[in-house]
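All values below come from the heavy atoms of this structure, side chains included, with hydrogens, waters and symmetry mates left out. Every number for a ligand or one of its atoms is a count from 1 in the order of the listing.
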Amino acid sequence: MTLMTRQQYIESLRKLNLNVYMFGERVENPVDHPMIKPSMNSVAMTYEMAQQPEYEDLMTAVSNLTGNKVNRFTHLHQSTEDLVKKVKMQRMLGQKTASCFQRCVGLDAANAIYSTAFEVDQAYGTNYFENFKKYWTMIQENDYTVDGAMTDPKGDRSLGPSEQNDPDLYLRVVERRKDGVVVRGAKVHQTGIVNSHEVVVMPTISLKDKDKDYAIAFSVPSDTEGIIIIYGRQSCDTRKLEEDADIDLGNKNFGGHEALMIFEDVFVPNERIFLNGETDFAGMLVERFAGYHRQSYGGCKVGVGDVLIGAAALAAEYNGAQKASHIKDKLIEMTHLNETIYSCGIACSAEGCPTAAGNYLIDMLLANVCKQNVTRFPYEISRLSEDIAGGLMVTMPSEKDLRDPVLGKYIEKYLQGAAPVPTENRMRILRLIENMTLGTAAVGYRTESMHGAGSPQAQRIMISRQSDLEQKKQLAKNIAGIDDNK
Ligand code: SF4
Ligand code: FE
């Protein structure tokens with residue numbers, strides 16, 4: 001089976017024995033948990049849409065490992081066209097879910113490890129590339145969802161991994177055995193881990209010689225012994241536990257999630273190790289993964305932005321304000337910002353190039369410019385959507401009040417907008433805007449836009465490294481007639 005159906009995916013999750021905690025208690029059945037389920041639905045869309053002929057071209061690809069048709073979320077990019085299709089697929093899924101569909105992290109990790117492992121092997125005669133090819137063939141053939149785990153807790157940011165008071169603040173090898181290693185540490189902000197079959201772990205920063213034990217990349221099944229997952233809170237998350245609160249949720253079907261993932265002495269067999277002590281390659285792995293994920297935001301955030309722009313336009317219509325010139329201008333500005341992000345996502349893909357291993361890498365400068373824009377533009381798009389929506393999006397009574405036999409008529413009467421729009425529709429669209437800008441989906445659309453795939457300063461460092469100022473200075477000298485040798 002190289003393509004799972006939505007139902008097969010859900011059933012496959014039921015077979016996992018994940019060690020998940022929420023509110024201090026173990027979650028026995030994550031698949032049917034009302035707070036987790038919307039996030040599972042978002043990942044399930046990556047399976048569902050891959051089955052539909054009209055999306056086949058975006059959602060599937062031919063594997064370079066097996067020649068089989070695979071879900072694009074498991075594909076090793078073979079061309080710039082593949083890179084462009086990835087971004088288009090992400091925009092489309094953002095439009096369908098208005099949230100984070102989680103599966104991109106594993107895809108980005110795979111492409112980064114594939115090319116890095118190849119180069120490590122060339123330098124050191126190791127066997128990581130073969131390990132990874134075998135592992136990833138298994139992933140493609142089973143159509144698994146893979147979580148990519150990079151971000152360590154990092155403790156005191158002024159100290160390196162091996163200088164911390166507590167050496168576990170960066171994930172590390174604590175025991176070396178003949179058949180593998182034992183690792184300890186944690187990964188924070190783990191997108192989609194509860195909906196994932198597997199996790200691929202990577203170092204989080206470039207490392208020095210003394211950090212050898214921290215230079216470890218590997219994979220394990222997500223329910224491996226020693227893994228503890230503590231589910232992250234989101235703003236307004238317990239609304240999902242309330243009855244008769246569909247309107248209040250804003251987006252009742254879809255969502256995303258993050259979690260704190262702890263590795264309490266987890267054994268990793270040799271065949272699942274893709275980097276082990278080669279500190280000089282940690283930086284390359286981090287940069288490539290970050291580059292791919294910065295490209296990813298040029299798709300997913302744009303798709304979510306499309307829904308938000310649509311919601312703002314509807315809110316204006318429902319208020320009878322759609323003809324006001326300042327409203328039209330704000331919608332133009334939102335579109336301009338959104339498409340600017342997309343332009344960078346497409347540009348860094350179209351300008352990609354092959355790695356020594358053969359898969360394609362994005363243009364690093366453009367991918368970093370893409371993400372730098374993402375640290376700003378969704379905030380401005382959110383601000384404009386709140387401007388258009390009006391204050392009611394945060395002061396409105398609940399769905400229960402709307403349905404109440406006594407109070408309902410007051411809600412209907414006083415919250416009505418332009419006729420003939422039902423009051424309920426107006427409430428629905430305002431709640432959707434609330435959800436995306438302040439509620440559960442705001443994790444993915446706002447704060448994650450800032451910090452996901454690296455905080456703004458991380459991109460500025462990469463932009464400075466890639467900007468080739470010397471060449472630009474020479475260009476200026478040429479035009480200005482400056483010859484330093486004269
Ligand atoms: Fe994919 Fe976007 Fe979610 Fe990252 S934030 S996993 S790129 S949908
Ligand atoms: Fe992310």
Side-chain angles (χ1 to χ4, degrees), residues 38-47 49 58-59 71-75 77 83 85-112 145-151 187-196 198-200 202 204 232 234 251 254-259 261 286 289-308 338 341-342 344-346 348-349 362 367-368 370-375 377-378 436 440-456 458-459:
S39 74
M40 187 200 64
N41 286 338
S42 293
V43 183
M45 283 297 274
T46 70
Y47 290 90
M49 301 200 67
L58 280 191
M59 292 298 306
N71 191 298
R72 190 172 293 283
F73 279 99
T74 67
H75 186 50
H77 317 297
L83 290 168
K85 282 185 183 171
K86 173 196 168 195
V87 171
K88 292 188 172 183
M89 167 182 77
Q90 289 167 316
R91 182 173 190 169
M92 193 248 310
L93 277 160
Q95 293 171 345
K96 301 276 183 201
T97 61
S99 63
C100 166
F101 34 89
Q102 305 144 60
R103 210 175 164 188
C104 329
V105 208
L107 168 67
D108 293 340
N111 274 279
T145 289
V146 180
D147 173 49
M150 176 162 279
T151 313
K187 292 289 178 179
V188 290
H189 326 305
Q190 283 317 290
T191 297
I193 180 61
V194 182
N195 300 321
S196 300
E198 290 272 331
V199 55
V200 169
M202 300 158 281
T204 203
Q234 295 175 334
N251 181 354
F254 300 108
H257 75 243
E258 271 77 25
M261 189 177 192
V286 173
F289 170 76
Y292 281 123
H293 211 54
R294 289 167 194 175
Q295 169 211 27
S296 285
Y297 283 19
C300 82
K301 305 297 179 220
V302 184
V304 178
D306 287 327
V307 179
L308 187 54
N338 207 37
I341 298 173
Y342 186 56
C344 292
I346 293 295
C348 71
S349 306
I362 60 285
N368 279 279
C370 178
K371 172 67 213 312
Q372 184 78 177
N373 284 338
V374 171
T375 65
F377 296 175
M436 296 169 81
T440 51
V443 176
Y445 192 62
R446 286 182 60 147
T447 314
E448 196 192 31
S449 287
M450 178 71 80
H451 295 293
S455 305
Q459 289 111 56

Notebook entry, point to check: Do any N or O atoms from the side chain of Ser449 and from the backbone of Tyr445 form a donor-acceptor pair under 3.5 angstrom?
Noted result: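 At least one qualifying donor-acceptor pair exists.
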Next item on the list: Mark yes or no for whether Lys371, through its side chain, and Ser455, through its backbone, hold a donor-acceptor pair below 3.5 Å.
Entry: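 Not confirmed, Lys371 side chain does not pair with Ser455 backbone.
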Next item on the list: Pull up every protein N/O/S atom sitting under 2.8 Å from atom 3 (Fe) of ligand 1, skipping waters.
Entry: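 Protein N, O or S atoms closer than 2.8 Å to atom 3 (Fe) of ligand 1: Cys100 SG.
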Pairwise distance [atom1]([X]) to [atom2]([Y]) - rounded to 0.5 angstrom:
X	Y	atom1	atom2	result
Leu107	Ser296	CG	OG	6.5 Å
Thr375	His451	OG1	NE2	9.5 Å
Gln102	Ser196	CD	OG	7.5 Å

Next item on the list: For a salt bridge (Lys or Arg N to Asp or Glu O under 4.0 Å) with Asp108, tell me which candidate from Arg103, Lys86, Arg294 qualifies.
Entry: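 Among Arg103, Lys86, Arg294, the one meeting salt bridge (Lys or Arg N to Asp or Glu O under 4.0 Å) with Asp108 is Lys86.
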Notebook entry, point to check: Going by the atom numbers of ligand 1, which of them fall below 4.0 Å from some non-hydrogen atom of Tyr297?
Noted result: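 Answer, ordered by atom number: 4 (Fe), 5 (S), 7 (S).
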Next item on the list: For Lys301, counting its heavy atoms only, list the atoms of ligand 1 lying under 4.0 Å from any of them.
Entry: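 Going through ligand 1 atom by atom, the ones under 4.0 Å from Lys301 are 5 (S).
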Next item on the list: Using a cut-off of 6.0 Å, state whether more than 12 heavy atoms not belonging to Lys88 lie near its atom NZ.
Entry: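 12 or below, so no.
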